[in-house]
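Only a predicted model underlies this, so the values are computations on that prediction, with no experimental measurement involved.
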Amino acid sequence: MKRILHGMVAATLFFAISGCAGGTNETPAPQPAPRQDAVSEQEQTNDKVADEGETNAMKMSIDGTDVTVEWEHNQAVADLRALVTAAPLTVNLSMYGGFEQVGPLGTTLTANDVQTTTTAGDIVLYSGSQIVVFYGSNSWAYTRLGNITSQTADGMASLLGNGDVSITIASGSEE
């Protein structure tokens, strides 16, 4: 009996030491490390929206001055693009806070607000239905729409810092 008991103890120790007490002799397959360049689901959605809308660019003017905008690739911009496809959209903006102009779109766009620090030239969606164009800086939760790339900070202050203005956003295919 002692001999059987010693054999069982030895077998148990062997399995415990070798790591096979509860399973097979195989070592688990290594798990792949997360990709450093992994793309989030939101970025994939944004890219899909961008691909669908690339052929339908938009243009913008501030009180008749054409500006070049680098539009974001998100659902809010896709919504805006769809809105201006039928006809240009003119929004009357009012000065607010000494660093931005804000005005109602007359409709609600898909918002994906995130805490953002803006700079001169940024165009954002506020509360889903207000468009804001910055000539200064602010930190708040917005949905980014784009950035005016054809103006410096001084140029933006000159365009927006002297009273209320209107902006017009149109389909880029209209001439």
Side-chain angles (χ1 to χ4, degrees), residues 35 37-175:
R35 289 181 36 198
D37 63 342
V39 178
S40 73
E41 183 176 324
Q42 181 64 41
E43 289 170 325
Q44 290 172 357
T45 301
N46 290 349
D47 289 343
K48 182 176 183 235
V49 169
D51 293 341
E52 292 169 355
E54 286 301 323
T55 59
N56 190 12
M58 292 183 292
K59 56 186 179 178
M60 183 172 142
S61 65
I62 300 172
D63 273 347
T65 300
D66 291 337
V67 293
T68 303
V69 177
E70 184 176 314
W71 296 101
E72 292 291 320
H73 301 293
N74 60 33
Q75 189 59 51
V77 173
D79 293 351
L80 183 60
R81 186 177 290 115
L83 185 64
V84 303
T85 298
L89 172 69
T90 299
V91 181
N92 295 316
L93 303 180
S94 299
M95 293 184 72
Y96 184 81
F99 51 83
E100 67 186 19
Q101 292 262 1
V102 61
L105 288 169
T107 190
T108 300
L109 306 180
T110 303
N112 184 21
D113 293 345
V114 294
Q115 187 65 31
T116 303
T117 299
T118 63
T119 60
D122 282 343
I123 306 165
V124 300
L125 180 65
Y126 173 70
S127 288
S129 63
Q130 304 280 319
I131 193 165
V132 183
V133 183
F134 286 88
Y135 59 96
S137 180
N138 191 33
S139 184
W140 201 259
Y142 301 111
T143 299
R144 285 192 174 275
L145 297 176
N147 180 267
I148 297 171
T149 59
S150 60
Q151 296 288 325
T152 63
D154 288 340
M156 290 306 301
S158 190
L159 282 172
L160 300 173
N162 300 311
D164 297 350
V165 299
S166 66
I167 62 168
T168 300
I169 302 171
S171 171
S173 61
E174 292 184 14
E175 295 301 322

Minimal non-hydrogen separation, [X] against [Y], with atom names:
| X | Y | answer |
| --- | --- | --- |
| Ala76 | Leu145 | CB-CD2, 3.7 Å |
| Ala111 | Gly128 | CB-CA, 4.3 Å |
| Ser129 | Thr108 | CB-OG1, 4.1 Å |
| Thr117 | Ser137 | CG2-OG, 3.8 Å |

Given 3.5 Å as the limit, does a donor-acceptor pair link the side chain of [X] with the main chain of [Y], or not?
| X | Y | value |
| --- | --- | --- |
| Asp63 | Ile167 | no |
| Gln101 | Gly163 | yes |
| Glu100 | Val133 | no |
| Trp71 | Met58 | yes |
| Thr116 | Ala141 | no |
| Asp79 | Thr110 | yes |

Could you check whether Tyr96 and Tyr126 have their ring centres less than 6.0 Å apart?
no
Over 60° means perpendicular and under 30° means parallel, so classify the ring planes of Tyr142 and Phe134, tilted if in between.
perpendicular
Test side-chain contact (heavy atoms from CB on, under 4.5 Å) applied to Leu89 and Thr107, Thr168, Leu105, the passing residue
Leu105
Check whether any side-chain heavy atom of Gln151 lies under 4.5 Å from a side-chain heavy atom of Tyr135, and answer yes or no.
no
Is any side-chain heavy atom of Leu80 less than 4.5 Å from a side-chain heavy atom of Leu109?
yes
Find the distance between [atom1] ([X]) and [atom2] ([Y]) and round it off to the nearest 0.5 Å.
| X | Y | atom1 | atom2 | answer |
| --- | --- | --- | --- | --- |
| Ile148 | Ile62 | CD1 | CD1 | 4.0 Å |
| Lys59 | Asp66 | NZ | CG | 7.0 Å |
| Asn147 | Thr68 | CG | OG1 | 11.0 Å |

Using side-chain contact (heavy atoms from CB on, under 4.5 Å), reason through Ile169 and Val69 one step at a time and then give a plain yes or no.
CA-CA 10 Å; Ile169 302 171; Val69 177; over 6 Å; no
Decide side-chain contact (heavy atoms from CB on, under 4.5 Å) for Leu93 and Ile131; before the verdict, give the C-alpha distance in whole Å, the side-chain angles of both, and the deciding distance to 0.1 Å.
CA-CA 8 Å; Leu93 303 180; Ile131 193 165; 3.9 Å; yes
How far apart are the C-alpha atoms of Asn112 and Asn74, what are their side-chain angles, what is the distance that settles it, and do they pass the side-chain contact (heavy atoms from CB on, under 4.5 Å) test?
CA-CA 9 Å; Asn112 184 21; Asn74 60 33; over 6 Å; no
Test: salt bridge (Lys or Arg N to Asp or Glu O under 4.0 Å). Region: residues 113-135. Which pairs qualify, not counting sequence neighbours?
Asp122-Arg144
Evaluate side-chain contact (heavy atoms from CB on, under 4.5 Å) for Met60 paired with Ile123, printing each intermediate quantity in order.
CA-CA 11 Å; Met60 183 172 142; Ile123 306 165; 3.7 Å; yes
